[in-house]
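Nothing fancy with the numbering, it's 1 onward along the sequence.
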Amino acid sequence: DDGVFRIVSVGRISPSKGYETLIDAVEILMKQGRKLQVKVIGGPGTPEQKDYLRTLVRGVKERGLEGMIEFAGSVPNKDMPSHLAEADLFVHMGLTGSLDKAVLEAMATGLLVLTCNEAFGDVLGKYHELLMYPKRDARALAEKIVRIAHLTGEERREAAEDLRAIVERDHGEEHLIPRILGKLAENAEPDVAERYNELVKERYGGEYEHRRWFASPVLRAGYDMTRI
C-alpha cells in the first residue's frame, strides 16, 4: 500500500458534470498534504465540450495538479470494471439532478460513491449523510473525501456490500425494460406504454406497471433519467 487514495470519476466531459468542483477540491487536499490520485474517464463530444476540456487541462497545469489529476479519455466498456476496481472512491459532480447510471454501476461493483446529486438522496438510504455533499461546494467535497478515506476496513466493506445490495434490489433487471423503452421513446410509436405492457407481460407474466414509476420520488427520478 503506497498510501495514495485513488479516486475515479466517469462521465462525458461537459460543464453539466461540474469537473471544476473536483479540481478545486483536489487543490484543497494538495495544500493539506494529502496523497491522492484522480482519474477522469470520459471524453468530449461537441466542439464546445472540447473547449471545456482544454480549459480544465489548462487549469490543472496552472495549479500544479498534473501529478494528481489524469484525464484518461474514453475507455471501452469492457475495461471499465478494472478501472473501478483500482479506485477507492467514485466521485460524481453532475448538476442535472437525474439518476446517473455511472454512479449505479460503481455502486454495483461495491465501490463507494460520493455525489451531490439530490436524486440519490433516497437511493443511498442511511449513507445519505456520508456519501453526499452540496453542489459546487469544493470544500465540502474535500472534507467528505477525507472522511471516507479514514473509514476503517470493516466500515468500508459494510458500506460497499450495502450499496451493491441497493442496486440489486432497486435497479436490477426488472427496471431494465422501462429504461430501454424510455431511451427509444423519441423514435418509437406514440403509445410506448402499450409496447411496454406487452414486454412486461411476456417477460414477467404481469400487467402494465407504469404506475410504479410514480410511486416515489426515487422512481420518478429514474423515469426522468430515461427521458434525456
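Asp100 and His92 share a side-chain donor-acceptor pair at under 3.5 Å.
Taking the side chain as every heavy atom from C-beta outward, Leu89 and Leu114 approach each other to under 4.5 Å. Residues Ile13 and Val40 are in side-chain contact: their nearest non-hydrogen atoms beyond the backbone lie under 4.5 Å apart. Residues Leu131 and Leu163 are in side-chain contact: their nearest non-hydrogen atoms beyond the backbone lie under 4.5 Å apart.
Considering only residues two or more places apart in sequence or on other chains, Glu161 meets the side-chain contact (heavy atoms from CB on, under 4.5 Å) condition with Arg164. In this structure Glu129 satisfies the salt bridge (Lys or Arg N to Asp or Glu O under 4.0 Å) test together with Arg147, sequence neighbours excluded. Considering only residues two or more places apart in sequence or on other chains, Glu158 meets the side-chain contact (heavy atoms from CB on, under 4.5 Å) condition with Lys126, Tyr127, Asp162. Here Asp137 pairs with nothing under the salt bridge (Lys or Arg N to Asp or Glu O under 4.0 Å) rule; sequence neighbours left out. Listed by chain and number, the residues in a side-chain contact (heavy atoms from CB on, under 4.5 Å) with Glu154 are Thr152, Arg157 (sequence neighbours excluded). Residues that satisfy the side chain to side chain donor-acceptor pair (under 3.5 Å) test with Asp24, not counting sequence neighbours, are Arg63.
Here the closest non-hydrogen pair linking Lys135 and Gly94 is CE-O, 4.3 Å. The minimum heavy-atom distance between Ala160 and Gly110, with the atom names listed, is CB-O, 3.0 Å.
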Full working for side chain to side chain contact (heavy atoms under 4.5 Å, CB included) between Leu124 and Met107: CA-CA 10 Å; Leu124 294 172; Met107 291 169 59; 4.2 Å; yes
Show, in sequence, the C-alpha distance, side-chain angles and deciding distance for Lys31 and Glu27, and conclude whether the salt bridge (Lys or Arg N to Asp or Glu O under 4.0 Å) test is met. CA-CA 6 Å; Lys31 291 179 178 178; Glu27 183 177 29; 3.8 Å; yes
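With hydrogens and angles ignored, the 3.5 Å screen pairs a side-chain donor or acceptor of Lys35 with a backbone N or O of Asp2. In this structure, the side chain of Gln49 engages the main chain of Gly45 through a donor-acceptor pair within 3.5 Å.
Dense packing is recorded around CG of Asp79, with more than 12 heavy atoms of other residues, nucleotides or ligands lying under 6.0 Å away.
With rounding to the nearest 0.5 Å, the separation of OH in Tyr133 from CE in Met93 is 6.0 Å.
Note on ring orientation: taking the six-membered ring where Trp is involved, the planes of Tyr19 and Phe71 are perpendicular (angle over 60°, cut-offs 30° and 60°).
Using a 4.0 Å cut-off between a side-chain N of Lys or Arg and a carboxylate O of Asp or Glu, Glu20 and Arg136 do not qualify as a salt bridge.
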